[in-house]
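Everything quoted here is computed from the prediction, not taken from an experiment.
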Amino acid sequence: MLKTHYCGELNKSLQGKQVTLAGWVDRRRDHGELIFIDLRDRTGIAQVVFNPQISKQCHEIAGQVRNEFVLKVTGEVALRPSGTENLKLPSGEIEVIVREVEILNASKTPPFYINEDSEVDENVRLKYRYLDLRRQRMLNNIILRDKVVQFFRDFLHKKGFLEIETPILIKSTPEGARDYLVPSRLYPGSFYALPQSPQQLKQLLMIAGMEKYFQIAKCFRDEDSRADRQPEHTQLDIEMSFVEEEDILKLMEELFTKMVETVKPEKRVITPFPRLSYKEAMEDYGSDKPDLRFEMKMHDLTDIAGKTQFAVFQKVIADGGSVKGVCAGGCANYTRTQLEELNKFVQSYGAGGLLTFALGGGGDIEHLTLDMVKSVAAKYMTLEQIQEIARRCGAKPGDLILAVAGKTKVVNKALGELRKEMGTRLGLADPNLLAFAFILNFPLFAWSEENKKWEPEHHPFVEPWDEDKPILEKDPGKVRAHCYDIVCNGYELASGSIRIHNPELQRRIFRFLGYKDEEVQEKFGGFLDAFEYGAPPHGGIAPGIDRIMMILSGSPTIRDVMAFPKNQNAVDMMLEAPSPVRKEQLKELHIRLSDD
RNA sequence: GGCCUGUUGGUGCAGCGGUUUAGCAUAUCUCCCUGUCACGGAGAAGAUCGCGGGUUCGAAUCCCGCACAGGUCGCCA
């Protein structure tokens, strides 16, 4: 090794020892005679001092050094002169008096600051990702990620899981996201697909008798990116045999609770994790991934609205829509401009507009009078109706009720987003709280307006509830699934289900979904055959590691917790991928490009 | 594909129709400096204001188109 110690591990106990450090110049402070250099490596920063009276030669070299030069220095660890200690640095009580220095490599001036956490255009950061990763915040994220993954591995191994790799070149499946395809050289016109998840493979591992499987699995989806979505991401993929829904939930609760205790003990977790049905989540928060760090529930006001003379309400209700509201505490004094901003906000999610009731004055809601209420709808409503709305929303004078009327789906989306927005504006979400929750009782099927048929809400291998099996074909919308999500702070962190292991039931589901037998055989044949050979009851789940990291590290995007992410347009700015390939490569793959 | 926002020296920002020779901070370069730690001081250099049109006596500034980026809707079993 070119070094005897790491910068971050230097402290008083090494006083008088000779050490050799190697790392990057974080900062240089040149006082003409004395030169101080903050030498940085993965573990931290150590101040090294160049004194011409100790070594004239070293001092001269230090004079030529610039930021990000790679240095090897040897010298004695010494206590800093009294009064010059730097308490901000872990190694701030000591410094290294340099007697030998070697420039291992020079560096160009970096295109952005490495040594401070300033905003930099993300494209520049991504192009020079290797420099971006030198920055403290990025390094911390990478180190935290390592700890988390290490924890998962240890935890699951202790629970008797086997870590098993599954192939990356697999078969394209018809449903779900768009596949990334890989052309086959040996079979003209045929393609492999990259896994959207190792779903079928992990189920086959259960049939193979592995009983408890996990994998840190790369998953690929050729869909548009988002702040929390990338073309490729990593899942902690888990599958177990002989389990019921409750077993998986218990395991996950322990996994996440202990993970946070281990890697981020300063974060608060509420146990047991709250359990919400999908229906409750949608009704109370307008989302299947509610941010439960604060309450501010949505309340259904449709029945009260129906009794008013307000035409907007009448029309919406006649069309089968709903009216819902939330209470923004203490916001009655919002200005016209602020309200207009919120109005625009809900409109951007497709709502017709935002209806507000500002409840002026003080006291309690029983003493409210009409002239204390500011709302365009007030003149079409009685005081009693407004009071009823206020009571239902839990509003008191001084509060602002925000209501949206329209199609139920739009109302949920728009008001749900507004709820989150108000939570942010009012600082309701405790930044140290990780509000985990299970979302349960998903419907097995959802009606597709687009395709005019029932489609699996999750995927076609999900086990329906036993008591709902009789009505599977008769009342498909009512069939509940053994499907569960884990949400945290407004993100979907994991999704899983108990799978169908009975081939007869599986065939029945496919028949119901409108697949012809040949079609099923062609698309899932190899997979389904396996179920004829003693498939154990099994189920699993797959937490998204990148999203976990986003939340744990407080990062605004998934890109900040991945070493080498792609930008929103799925381009790797550093490697410049994707890129055209040579004609011969295409020819070998039997691919000809079309002109359009 | 739609919508919103942004694009000004290396980086981050200001300027939003006319003394702006485009300003500030920081980085860079030169010189000075023995206790700094976001060291300090003096000076210098560095920008066809994303691209292309248009409006105007005059455009970084207003309008249109395009490109790129971010956010989002659709999409993501």
Side-chain angles (χ1 to χ4, degrees), chain A residues 26-40 45-54 59 63 66-68 78 80-89 91-92 95 97 108-128 131-132 135 173-179 196-197 199-200 219-231 233 344-345 347-351 410 413-414 417 421 442 444-446 448 450-451 454-462 481 483 492 495 497 513 523-524 542 544 556-557 559 567-569 571 573:
Chain A
D26 195 62
R27 231 178 259 281
R28 187 180 63 118
R29 291 178 294 280
D30 187 341
H31 288 230
E33 291 295 301
L34 274 188
I35 295 174
F36 300 98
I37 285 179
D38 289 341
L39 197 65
R40 182 192 71 236
I45 279 174
Q47 172 166 283
V48 299
V49 188
F50 296 82
N51 187 332
Q53 286 168 4
I54 304 279
H59 180 266
R66 294 294 178 269
N67 281 356
E68 300 310 313
R80 294 193 187 187
S82 169
T84 66
E85 300 88 350
N86 183 357
L87 299 176
K88 282 185 267 179
L89 275 186
S91 64
E95 61 193 1
I97 313 296
K108 292 211 253 181
T109 301
F112 51 85
Y113 306 103
I114 309 296
N115 53 19
E116 58 181 76
D117 187 24
S118 50
E119 286 294 310
V120 179
D121 182 79
E122 213 182 346
N123 254 3
V124 180
R125 287 174 53 199
L126 290 177
K127 179 172 177 191
Y128 298 97
L131 297 180
D132 192 32
R135 309 210 305 169
T173 45
E175 287 179 78
R178 199 176 293 114
D179 282 321
Q196 295 178 27
S197 77
Q199 182 62 40
Q200 293 186 24
C219 304
F220 306 85
R221 293 173 190 184
D222 188 3
E223 299 290 350
D224 290 352
S225 299
R226 286 287 184 280
D228 64 349
R229 255 164 48 191
Q230 278 270 304
H233 73 285
K344 286 232 173 69
F345 183 86
Q347 283 177 338
S348 74
Y349 289 98
V410 174
K413 179 72 188 168
E417 292 295 333
E421 171 70 15
F442 282 85
L444 189 65
F445 304 113
S448 164
E450 194 189 336
N451 300 325
W454 290 98
E455 291 181 348
E457 173 78 20
H458 194 54
H459 59 66
F461 311 115
V462 176
C483 218
E492 180 193 308
S495 195
S497 60
L513 292 171
K523 284 168 178 161
F524 304 104
T557 91
R559 298 183 293 278
N567 71 9
Q568 189 169 68
N569 296 312
V571 172
M573 296 298 289

Check your understanding: What is the per-nucleotide protein-contact pattern of nucleotides 1-11 of chain B, from the 5' end, where B denotes a base atom under 4.0 Å from a protein heavy atom, S denotes such proximity for sugar-phosphate atoms only, and - denotes neither?
Key -> B--------BB

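- Between B:U34 and A:Asn51, no contact under 4.0 Å exists linking OP1 or OP2 to a side-chain N or O.
- No engagement by A:Lys344 is indicated, since no non-hydrogen atom pair under 4.0 Å with the nucleic acid exists.
- Within 4.0 Å (heavy atoms only), A:Asp222 reaches no atom of the nucleic acid at all.
- Counting any heavy atom pair closer than 4.0 Å across all strands shown, A:Arg125 reaches no nucleic acid atom.
- In this structure, the aromatic ring of A:His31 is not positioned over the six-membered ring of the base of B:U36 within 5.5 Å between centres and 30° between planes.
- OP1 and OP2 of B:U34 both lie 4.0 Å or more from every side-chain N or O belonging to A:Gln53.
- Comparing B:A27, B:U72, B:C37 by their closest approach to the side chain of A:Thr84 singles out B:C37.
- Among the heavy atoms of the strands, none lies under 4.0 Å from A:Glu116.
- Between the side chain of A:Arg229 and the base of B:C76, a donor-acceptor pair under 3.5 Å is found.
- Residue-level contact check: A:Glu122 touches the backbone only, with heavy atoms under 4.0 Å from sugar-phosphate atoms and none from bases.
- At the phosphate of B:C73, OP1 or OP2 sits under 4.0 Å from a side-chain N or O atom of A:Lys413.
- A distance of about 14 Å separates the P atoms of B:U11 and B:U28, rounded to the whole Å.
- Between B:G9 and B:A60, the two P atoms lie 14 Å apart (nearest whole Å).
- Phosphate proximity of B:A69 to A:Asn569: present, with a side-chain N or O under 4.0 Å from OP1 or OP2.
- Here the closest non-hydrogen pair linking A:Thr173 and A:Gln200 is CG2-NE2, 3.5 Å.
- Residue A:Gln347 is out of contact with every strand shown, counting any heavy-atom pair closer than 4.0 Å.
- No hydrogens or angles were tested; on distance alone, a donor-acceptor pair under 3.5 Å links the side chain of A:Arg80 to the base of B:U36.
- For the P atoms, the distance linking B:U8 with B:C29 amounts to 24 Å, nearest Å.
- Distances were taken from every side-chain heavy atom of A:Asn86 (C-beta onward) to each of B:G35, B:C73, B:C37; the shortest belongs to B:C37.
- Nearest-nucleotide positions on RNA chain B for A:Ser197 and A:Met573 put A:Met573 closer to the 5' end.
- Regarding contacts with the backbone of B:C39, a side-chain N or O of A:Arg27 is found under 4.0 angstrom from either OP1 or OP2.
- Taking only side-chain atoms of A:Asp38, from C-beta outward, the nucleotide of B:G35, B:C37, B:C76 with the closest atom is B:C37.
- Comparing the same atom, C1', in B:G18 and in B:U61 gives a spacing of 11 Å after rounding to whole Å.
- Nearest heavy-atom pair across A:Asp179 and A:Asp222 is O-CB, 4.0 Å.
- Residue A:Asn123 is in sugar-phosphate contact alone, with no base atom involved, counting any heavy-atom pair closer than 4.0 Å across all strands shown.
- Across all strands shown, B:U30 forms a Watson-Crick or G-U wobble pair, both distances under 3.5 Å, with B:A42.
- For B:C39, the OP1/OP2 oxygens have a side-chain nitrogen or oxygen of A:Arg29 closer than 4.0 Å.
- Within the nucleic acid shown, A:Glu95 comes within 4.0 Å of at least one base atom, counting heavy atoms only.
- Residue A:Asp30 is in base contact, counting any heavy-atom pair closer than 4.0 Å across all strands shown.
- Judged by distance alone, with hydrogens and angles left aside, the side-chain atoms of A:Asn569 form no donor-acceptor pair with the main-chain N or O of A:Val571 at under 3.5 Å.
- Across A:Pro81 and A:Glu95, no two heavy atoms sit closer than the pair CD-OE2, 3.8 Å.
- A donor-acceptor pair is defined here as one N or O able to donate and one able to accept, closer than 3.5 Å; no such pair exists between the side chain of A:Arg125 and the backbone of A:Asp132.
- Counting any heavy atom pair closer than 4.0 Å across all strands shown, A:Ser495 reaches no nucleic acid atom.
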